[in-house]
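See structure below.
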Amino acid sequence: MGTSAVAVHKRLIELRETIGQYDFAYFVLDDPIVPDAEYDRLIRQLRDLEAGHPELVTADSPTQRVGSKPISKFSEVRHRVPMLSLDNALNEDELLEFDRRVRERLKASDMDVQEIEYVAEPKLDGTAVSLRYENGQLVLAATRGDGRSGEDVTHNVRTIPAVPLRLRGTAIPPVLEVRGEVFMPIAGFLAYNQRASETGEKPFVNPRNAAAGSLRQLDPTLAAQRPLDVFFYAVGDHEGWEQPRTHSDVLERLRELGLKTCPEWKKVDGILGCLAYYASIGSKRDDLPYEIDGVVYKVNDLVWQTALGFVSRAPRWAIAHKFPAQEELTVVRSIEFQVGRTGAITPVARLEPIFVGGVTVSNATLHNIDELTRKDVRVGDTVIVRRAGDVIPEVVKVVKEWRPAKARPVRFPKRCPVCKSEIVRVEGEAVSRCIGGLFCPAQRKEAIRHFSSRPAMDIEGLGSKLIDQLVEQQLADHPADLYLLTADQLEKLERMGSKSAKNLLEALEKSKATTFSRFLYALGIREVGEATALALANNFATLDQLMAATEERLQLVPDVGPIVASRIRAFFRESHNLEVIHQLLASGIDWPVKTLDKVVDSPMAGKTIVLTGTLSSMTRNQAKARLISLGANVTNSVSKTTDIVVVGKNPGSKSTKAAALGVTIWKEQDLLKAVDS
DNA sequence: CCGCCTCGAGGTCA
DNA sequence: CTCGAGGCGG
C-alpha cells in the first residue's frame, strides 16, 4: 500500500461529498445527474477504500446506513417540542369555519387581515417522525408517539435512502429537529408484495401499515429492505436556526439543507385558493406515487401562527381537509350491546368482513339508541360501511331495498347484558346507562382499563384480557387494588408466566411516578378528559386544594363550566372514590409539585393585579384563576397598592386611574408572557 | 378498529 | 415452533 493515510482520507471525503451531491440531486431534487451505474461504482469504491481503512469510517458515511446489529428494545424519546396533531375538516363548511376563526382571531389580536395566505400540501398517509440533527449530523429519529414522547427508531430511519445522514450547505444550525412523514410509495409497496408472494412471505395489506411496521423493526437490515421514503414539513426544536418569516420559507430552507419536501406544496390565497388546491390534488390523487388522505392548510405567516397559538394539542393555524372516506357494502351478522366505563350502553354491529379504506372491517359502532333507531339497522341488513374520521368504522346507512323479509327491528335491552342491572336513560341525553355502577363487572373492568391506559397511568403489560381475569377472579375490584397484586397471584392467571408477572409488577411500580394531570385523568371523573385534567392540574397546586374546591372556584378554570364542575364535586363527595384515592396515594403514587414551585418562582407571586377590558385569548375569569394559581392577588379596583393593571380591549376608567397613579400597565401580550413562563 | 411487530407461554422434539 | 396478547400508530 503506497497511498498515504492523508491521501486516502482526502479521497474518502471527496467520495462522500460527491455521493452526497448525487443523493441530493436524486432524492431531493428528483433530478439525477449521473446514471445509476456510475453511482454504484462510487459507492463500491468508497466501500473498498473504507474496508482497507476502518479507522476512517464515519457514522455519516453513505456506507453506514445499516448499523451493525439489531437493538434489543425501543427506548423512549422525549420530544423537546411536542409533535402536534391536526384538527380535521371533513367538509367544505368546516373548512370555511376554520378560515373564519383564523381571520377573527387575528383581527382580535389587532392584526390587519383581509385574505390569509395559506400553504397547502398533501396529507401523506404514512407515519410521523421527528429527526434531530446536531451540527448537521443525524443523531436521533423518533416516532410521534403521544406527541410528547415517542420511540427511538434511529437505526431504522438511517436506512431510508432519502434521509440525509448529514445536512448539506454551510449555514447548518447546531441543533435542528425536523418533522416529516415516512411512507411507502405505492410502486415499492406493490413490488415488495409481488416478491413476497413469490417467496411465500406474507404480503402487506396497505402501504401505511407497511411503513409504520418497518420502523418498528428491531433489526435495521430488515427495515433497509423496505422501500421507504420521506417528506419533511416542519421544524421542531432548534438552536442557531434563524426562523424564516413564513412556512413556505421553512420548506425551502429544509430543501436547501438536503431534506426532501413534498413537491406538491403550494402557496394559495384565502379559502378559495385552498378549495382550488383541494380539487386539483383530488383529481390527480390516483396518479400520485404515494397514498394521501387529504390536504393540509397552514397559515403561511409564522408571526400569525404564533398569534393564533394552540388549542389543546392542535394548532389553530392549520387544519387537515380530509378526502371523503371510501364506502363499501356488507351484511350485518348480529348486533351486540357493550357496556362502557360510565355504564353507557353502546350497540355494535358485527359485520361480514369487508375490505374498506385499506383494512378489513368486521365491527362498527352504532353509538347509541337514537342512532340505532334512526338508521334502523337490523340483523341481515345490507349496509354501507366506511371508515370515518381516520379509523373508526361506521355504518352510513341501510340499503332498505335489500332487507330480508324476516328482518325485525332490534330490541334495545332493558337490563345490562353483563350485570343485569336496570338500564336507564336520563332525560335529554342520548346515551342509556347501566345503573350498576361499580357493582357491574364491565364498568369495573373499564375503570381499570382507563386507569392503566397510555394517556393515564400508562401501565405497560396490563391488557384487556388480563384485566378481565383480574376482575373476574376478584383480584382487583378497583384501580387501587392493582398495586396490591403479587407475583404469586399473577402467575396463576392464564398466559402469565414468571417473566410476564415480573414485567407487570415493574410496570406498576414505574407508573407510580406520574404527573398530577395524568392522575386526575386516570381517576375517570365524568367529563374530565385529558385537556380538562391538564387545566385542573395547572390551576390547583395540590390534590387537596382541588378536592376542597367549590363549584364556583372550579368554574374559574378554563373550559370548566357548571356541568363539569358539578361532576368533579360529585366525584369527590363519593366516599368510595375518596377511599380509592387514599389507597392509591398510600401505595406510593406521587407526582412532582410543579405548580407549587411555580408559585414560588413566578414573577406573579405576591403581586396585586387588576384586570380591565376584554382579553382575546381568555376570559377575565380564566385569567384571574391562572394568576391566583401563580400566587397573585387579583383585585377589582386600582389603588396605590396595585402592582400591575392588565389592560384588554375597550378598557374602563381603571386604565386611566392606573396611569394617573403611575401603576405599571400591561397589555395582554405582557400578561401571556408572564403566565406562560 | 385494524395491521404490524415483538415477546412470552406452552407445546414438541432432540 | 406456533399462538396470541399487548404496544403502537393512524
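In what follows, every chain begins at residue 1, and chains take the letters A, B, ... in the order their sequences are listed. Predicted, not measured: the structure shown is a model, and the values here were computed from it.
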Legend entry - Euclidean distance, atom CG of residue A:Leu508 to atom C1' of C:dG6 [Å, nearest integer]: 15 Å
Inset, instruction - Look at the aromatic rings of A:His321 and A:Tyr278 and report parallel, tilted or perpendicular, splitting at 30° and 60°. - result: parallel
Inset, instruction - Kindly assign one of parallel, tilted or perpendicular to the pair A:Phe74 and A:His155, based on the angle between their ring planes and the thresholds 30° and 60°. - result: tilted
Inset, instruction - Could you tell me whether the side chain of A:His79 and the main chain of A:Thr143 form a donor-acceptor pair under 3.5 Å? - result: yes
Legend entry - Parallel, tilted or perpendicular: rings of A:Phe183 and A:Phe231 (30°, 60°): tilted
Inset, instruction - Please state how far atom CG in A:Asp152 lies from atom P in B:dT6, giving the value in whole angstrom units. - result: 15 Å
Inset, instruction - Looking at every strand, decide which applies to A:Gly461 at a 4.0 Å heavy-atom threshold: base, sugar-phosphate, or nothing. - result: sugar-phosphate
Inset, instruction - Look only at the side chain of A:Asn156 and the backbone of A:Leu215, and say whether a donor-acceptor pair between them is shorter than 3.5 Å. - result: yes
Legend entry - Salt-bridge contact A:Glu394-A:Arg387 (side-chain N to carboxylate O under 4.0 Å): no
Legend entry - Between C1' of C:dG9 and CG of A:Asp146, the distance in whole Å: 11 Å
Legend entry - Separation of C:dG10 P from A:Glu291 CD (nearest whole Å): 15 Å
Inset, instruction - Using only heavy-atom distances, determine whether the side chains of A:Ser464 and A:Arg449 contain a donor-acceptor pair under 3.5 Å. - result: yes
Legend entry - Atom-pair distance (CG on A:Leu84; C1' on C:dG9), nearest Å: 16 Å
Inset, instruction - Write down the distance between NZ (A:Lys73) and C1' (C:dG6), rounded to a whole number of angstrom. - result: 15 Å
Inset, instruction - Would you classify A:Ser72 as touching base, sugar-phosphate or nothing, given that sugar-phosphate means primed atoms plus P, OP1 and OP2, and contacts are heavy atoms under 4.0 Å? - result: sugar-phosphate
Inset, instruction - Take atom CD of A:Glu460 and atom P of B:dC7, then tell me their distance rounded to the nearest Å. - result: 12 Å
Legend entry - A:Val391, nearest nucleotide to its side chain (from C:dC8, B:dC1, C:dG6): B:dC1
Legend entry - Footprint string (nucleotides 8-13 of chain B, 5' to 3'): B base within contact, S backbone only, - free, heavy atoms under 4.0 Å: BB----
Inset, instruction - Just call it for A:Ala364: base, sugar-phosphate, or nothing, with non-hydrogen atoms closer than 4.0 Å on any strand. - result: nothing
Legend entry - Integer-rounded Å distance: B:dC1 C1' and A:Ile354 CD1: 15 Å
Legend entry - Donor-acceptor contact present, side-chain A:Lys298 to main-chain A:His247, <3.5 Å: no
Inset, instruction - Write down the partner of B:dG11 under the Watson-Crick or G-U wobble criteria, each distance required to be under 3.5 Å. - result: none
Legend entry - Nucleotide nearest A:Arg454 when distance is taken to its side chain, options C:dG6, C:dC8, C:dG10: C:dC8
Legend entry - Enclosure of A:Glu92 CD (heavy-atom neighbours >12, cutoff 6.0 Å): no
Kindly give the atom pairs (protein nitrogen or oxygen, nucleotide nitrogen or oxygen) under 3.5 Å for nucleotides 2-5 of chain B.
| unit_1 | atom_1 | unit_2 | atom_2 | d |
| --- | --- | --- | --- | --- |
| B:dC2 | OP1 | A:Ser362 | N | 2.6 |
| B:dC2 | OP1 | A:Ser362 | OG | 3.1 |
| B:dC2 | OP1 | A:Asn363 | N | 3.3 |
| B:dC2 | OP2 | A:Asn363 | ND2 | 3.2 |
| B:dG3 | OP1 | A:Thr360 | N | 2.9 |
| B:dG3 | OP1 | A:Thr360 | OG1 | 3.3 |
| B:dG3 | O4' | A:Asn209 | ND2 | 3.4 |
| B:dG3 | N3 | A:Asn209 | ND2 | 3.4 |
| B:dC4 | OP1 | A:Val205 | N | 2.7 |
| B:dC5 | OP1 | A:Gln217 | NE2 | 3.3 |
| B:dC5 | OP1 | A:Arg226 | NH1 | 3.2 |
| B:dC5 | OP1 | A:Arg226 | NH2 | 3.3 |
| B:dC5 | O3' | A:Arg216 | O | 3.0 |

